[in-house]
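For reference, the structure discussed in these notes is given below.
In what follows, chains carry the letters A, B, and so on, assigned in the order in which the sequence lines appear, proteins first and then strands, with residues in each chain numbered from 1.
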Amino acid sequence: MFKTLAELLGHGLKNWSFVIGGAISLLFFLVAFLSYFWTPYPVEDINISERLLKPSTQYLLGTDHFGRDILSMLIQGARNSVIVAFVAIGIGIGCGVPLGLTAAARKGWIDEFIMRFNDLTFAFPALISAIMITAILGPGSVNSIIAIGIFNIPVFARVARGAALSIWKREFILAARSAGKGPFKISIEHILPNISSMLIVQATIQFALGILAEAGLSYLGLGTQPPMPSWGKMLNEAQTFMHFAPQLAIYPGAAIALTVLGLNLFGDGLRDVLDPKLRRSR
Amino acid sequence: MALLQVQDLLITLKTAHGPQEVISHVSFSMDAGEKLGIVGESGCGKSITALALMSLLPPDSRISGKILLEGRNITNLNSREICSIRGNRIGMIFQEPMTALNPVKQIGAQVSESIYLHTKLNRKQTLEQVIELMDKVGLPMERFPLNLYPHQLSGGQRQRVMIAMAIACSPDILIADEPTTALDVTVQEQILDLIQDLADSSGMALVMISHDLGVIAQTAENVMVMYTGNVVEMGSTIDVFQNMLHPYTHGLFSAIPHVGSSAKQSKKRLSSIPGQVPELHLRPNGCNFANRCQRASSICNEKEPSETRISEHHQVWCYHPLNRQDKRKIKK
Amino acid sequence: MRIFLVKRVFTLLLTLLVSTLVVFVVLEILPGDPASIMLGINAEADTLNALRQELGLNRPILVRYASWVADLVTGNLGISYTYDVPVSELILSRITISFPLALMAMTLSTLIAIPLGIIAASNHNKPMDFMVMGFSQLGIAIPNFWFAMLLTILFSITLRLLPAGGFAGWDAGMVTALKSLLLPTIALALPQSAILARVTRSALLEVLKEDFIRTARAKGVTNQGALWKHALRNALIPVVTIMGLQFSFLLAGTIIIENVFYLPGIGRLIFQAISQRDLIVVKNLVILLAAAVIIINFMVDLLYAAIDPRLRGGKDV
């Protein structure tokens, strides 16, 4: 692990994936953050007289079918994506990592049980879980957070368990055990810090996947509800106007693709920098 | 004409510290049927030398000098020509039998692959050949059917399969790179005996690479001592072992623990060569061993020693080779 | 070998059983009163009670669960509340679209991805490799429904080559039917193939570093030979894992794509069921989809044993 952030950055800046991905991701987060303070136009305003305008100096990316400024909607949509994906990772890490660590520490039937539970959750992809949840609770961003978060749990559990198992075999763990440390303490003090780089990399990946999943759910109407803009919902609304205003479909989709691309590139670069031993053939 | 002649071999590898010379000024020759041992610590370049003979160096490495196989330079061949030499004229067995075989292929198929590649035998003939080979290496078909998978065999058995693969086409030279290091002690003897018998009976030349002086003593008639990419002493095994000239060679021998019978001997501490093997990019000017050598003088630190021919079968690369009096002094 | 099979079948049945438990708990227990969900908040008490009678909601939980599982096993998937038609009939009519679509998408994805992965691995760090990696990164980042829209904009609206949506039915002729399924197949397949290509490439590159590849080359096997005859089969193991996992993503993808192209398949069925709050259809369809994923993963496990002899538990010498 790197002692200082500066060291990390130093190595990172030599890696083009880290740089480009990092730049795009940073831009994305900044835009999301910006949305709390300012958007070019308020997104709640509906201006039918200004509907479907082409890009101009007034409306940088044009307007949609309700006369809303597309750029403003994209900016707020960024915030929405960040929040959903972020909380979903929180759920995944918060529940998944303890599960994985326990499975690695205890082995035996607890391990079996947790792994079977994992496999089971893989059988219900995020979408199906979301469908079940919204069938009962109704649509909404909270429900989509829960659905995506639930799917993150087995992913992090699996990664945490795999990484933890390989650390458990190491000699300094044997030393700690001989000194009388219990598995819980060992997991927290020794295992966790050593697997943190793998978890961070996985978190970047799951974050990107979370954005995609949120977009998919909103597109289907199961996720974020209006008036909060979401990129997925924008795409859904754009579909009706594909014939005469195709640009409505292009912007939000490009935003999603660009953000996910940036996050994935950053995740790859981060993985190379944090642990070259982890480096798979690039 | 010698079977194999290596002339002034220099190999550069790409490392984290930039391109480094891992082998320099390495020259030796082998006649048909000769058994040469290459000895040295880990990282001294013995495996790299072997890989160079097989043209199995990493793609971003640079090689200069000549490797002549029966007069033909094999350092600058195209890939088709190289592939016709590997396994066919020169065979090689590696250190880790547990990972050296394809886990999803049957052992019979892995042995017969060499035969298919280099001969024009038909299926039936190939099968007969494979059965004969497996028998030769101590894996008779009755107990070891050819459709077994590597995971069903022990380490020693897998090593025997590797040997069978390597000698399948009766190569002129067999290179054995630490073939017994990863095996149990009891199995080591068996494998070494097997390799020797095969070499003797077929007239194959043998290159035995090891860090274990005992293995070299047992199998090699000539020996080459390497240190940090250079040859420091070379000669017949008897000459070098009984009359070692290079301080490093002496250090290697002294580091072997002796089970003493007299009280005086058992009180002696285990001697070791002071200092550490320098990293590739931190090698000193002049003789690489100078900073660990008790006999070093100023010239040792300035210029690399060149070859001194002590006798017809004994050469050393040192400014201050040992003589009998020195050795008696050191023993005390 | 037999022990391996028995263990796997046992795990399969157990997983299926637990899935039914999960679906049952989530869709029948947690909401409290399924009847009021189905009829809405404004329903009258009488109608609610009638529905509860009809659905047997007044029976004890365990009885309800047991009879549902028994129904599932015998193929009785209940009667749709909205259409008053057996759910199995509904599913059968829709599956003639969804199943061919999923199958074609999986096939196309594999046909694109594996050759690309092999090409990338054999040209490691050369331009071809970078191109495949670039394609892969893009494919992963692009949402498949957006890609579907882009395809529609290009091929249906601008070029007018293919229909933008809808499905005329297989009776209208193979060509017409396939034309309707072409864009959806591509939209589904391409993002999947991006991931699969990347996995194939890295699996191959990892295997090519292994000791036994060096042994093969020492025998005189060419680089190409080493890749095809030795590396590929070993690399298939992680590739097949991902393909199994991809099936569940494919299912999710089919649901979305059917909605983009207005194809009357399983995906749209589940959608309509949700908006109509037809819990019976939702419940039985979800368990069906989950079962499909579990069974596919079971078959993937069997495939492992076929590829990797180490898993078969054979006799040691």
Side-chain angles (χ1 to χ4, degrees), chain A residues 17 21 116-117 119-139 205 208-209 211-213 215-217 219-222 231-232 235-236 238-239 242-244 246-250 252-265 268 280-282, chain C residues 11 14-15 18-19 22-23 26-27 30-32 34 37 121 124-125 133 137-138 140-147 149-150 152-153 156-158 164 201-202 204-206 208-209 245 248-249 251-253 255-256 259-260 270-271 273-275 277 279 282-283 285-286 289-291 293-294 297:
Chain A
S17 200
R116 291 297 136 233
F117 165 74
D119 287 345
L120 187 72
T121 331
F122 276 126
F124 292 87
L127 192 59
I128 307 240
S129 324
I131 288 175
M132 282 203 289
I133 296 176
T134 43
I136 328 164
L137 296 175
I205 299 176
L209 285 176
I211 296 192
L212 274 176
L217 287 176
Y219 169 80
L220 291 172
L222 297 179
W231 290 345
L235 273 176
N236 173 285
Q239 200 173 342
M242 268 197 302
H243 280 81
F244 36 87
Q247 75 272 15
L248 286 189
I250 301 198
I256 300 174
L258 193 65
T259 309
V260 173
L261 184 66
L263 285 164
N264 278 333
L265 283 176
D268 278 352
R280 267 163 275 153
S281 326
R282 295 214 63 240
Chain C
T11 319
L14 191 65
T15 321
V18 178
S19 314
V22 170
V23 176
V26 172
L27 289 177
L30 284 183
I37 294 194
H124 188 40
N125 282 336
M133 283 307 284
Q137 287 280 21
L138 267 178
I140 295 174
I142 294 182
N144 56 7
F145 50 94
W146 183 53
F147 187 56
M149 276 194 249
L150 292 179
T152 317
I153 293 178
S156 309
I157 300 178
T158 321
R201 172 189 175 273
S202 64
L204 264 177
L205 286 176
E206 279 299 303
L208 284 172
K209 286 193 224 154
L245 256 169
S248 67
F249 290 127
L251 223 68
I255 296 181
I256 298 187
N259 276 285
V260 177
I270 230 185
F271 252 73
I274 293 186
S275 46
R277 314 201 128 213
L279 279 182
V282 175
K283 190 173 66 172
L285 205 45
V286 166
L289 292 174
V293 172
I294 295 171
N297 277 309

Exercise. Checking A:Ala249 against chain C: side chain, backbone, both or neither under 4.5 Å from a heavy atom?
Worked result: both

Problem set entry | Proximal component of C:Ser156, with respect to chain A [non-hydrogen, under 4.5 Å] | neither

For this session: Could you tell me the separation between the CD atom of A:Gln239 and the CE atom of C:Met149, rounded to the nearest 0.5 Å?
Result: 5.0 Å

Exercise. Are the side chain of C:Gln137 and the backbone N or O of A:Asn264 linked by a donor-acceptor pair below 3.5 Å?
Worked result: no

Seminar exercise, completed: Heavy-atom closest pair (C:Ala141 atom, A:Leu261 atom, distance to 0.1 Å) is CB-N, 3.5 Å

Exercise. Of all of C:Leu204, C:Val286, C:Thr15, C:Val18, which one pairs up most often with chain A through heavy atoms under 4.5 Å apart?
Worked result: C:Val286

Exercise. Partners of C:Asn259 by side-chain hydrogen bond (donor to acceptor under 3.5 Å, both in side chains), sequence neighbours excluded?
Worked result: C:Arg268

Problem set entry | Contacting region of C:Phe147 [heavy-atom separation from chain A under 4.5 Å] | neither

Exercise. Can you name the residues that form a side-chain contact (heavy atoms from CB on, under 4.5 Å) with C:Leu150, not counting sequence neighbours?
Worked result: A:Ile250, C:Trp146

Exercise. With a 4.5 angstrom heavy-atom cut-off, which part of C:Ile270 approaches chain A: side chain, backbone, both or neither?
Worked result: side chain

For this session: Pick one of side chain, backbone, both or neither for A:Leu209, based on which atoms fall under 4.5 Å of a heavy atom in chain C.
Result: neither

For this session: Look up atom CD1 in C:Ile140 and atom CG in A:Leu263, then write down how far apart they are to the nearest 0.5 Å.
Result: 12.5 Å

For this session: Side chain from CB out, backbone as N, CA, C, O: work out which of these in C:Ile142 comes under 4.5 Å of a heavy atom of chain A, or both, or neither.
Result: both

Problem set entry | Contact leader toward chain C among A:Leu212, A:Leu220, A:Ile256, where contacts are heavy-atom pairs under 4.5 Å | A:Leu220

For this session: Examine whether an atom of C:Val22 lies under 4.5 Å from a heavy atom of chain A, and if so say whether it belongs to the side chain, the backbone or both; otherwise answer neither.
Result: side chain

Exercise. Of the backbone (N, CA, C, O) and the side chain (C-beta and beyond), which part of C:Val282 lies under 4.5 Å from a heavy atom of chain A, both, or neither?
Worked result: side chain

Problem set entry | Criterion side chain to side chain contact (heavy atoms under 4.5 Å, CB included) on A:Asn236 and C:Phe145, from CA distance to verdict | CA-CA 9 Å; A:Asn236 173 285; C:Phe145 50 94; over 6 Å; no

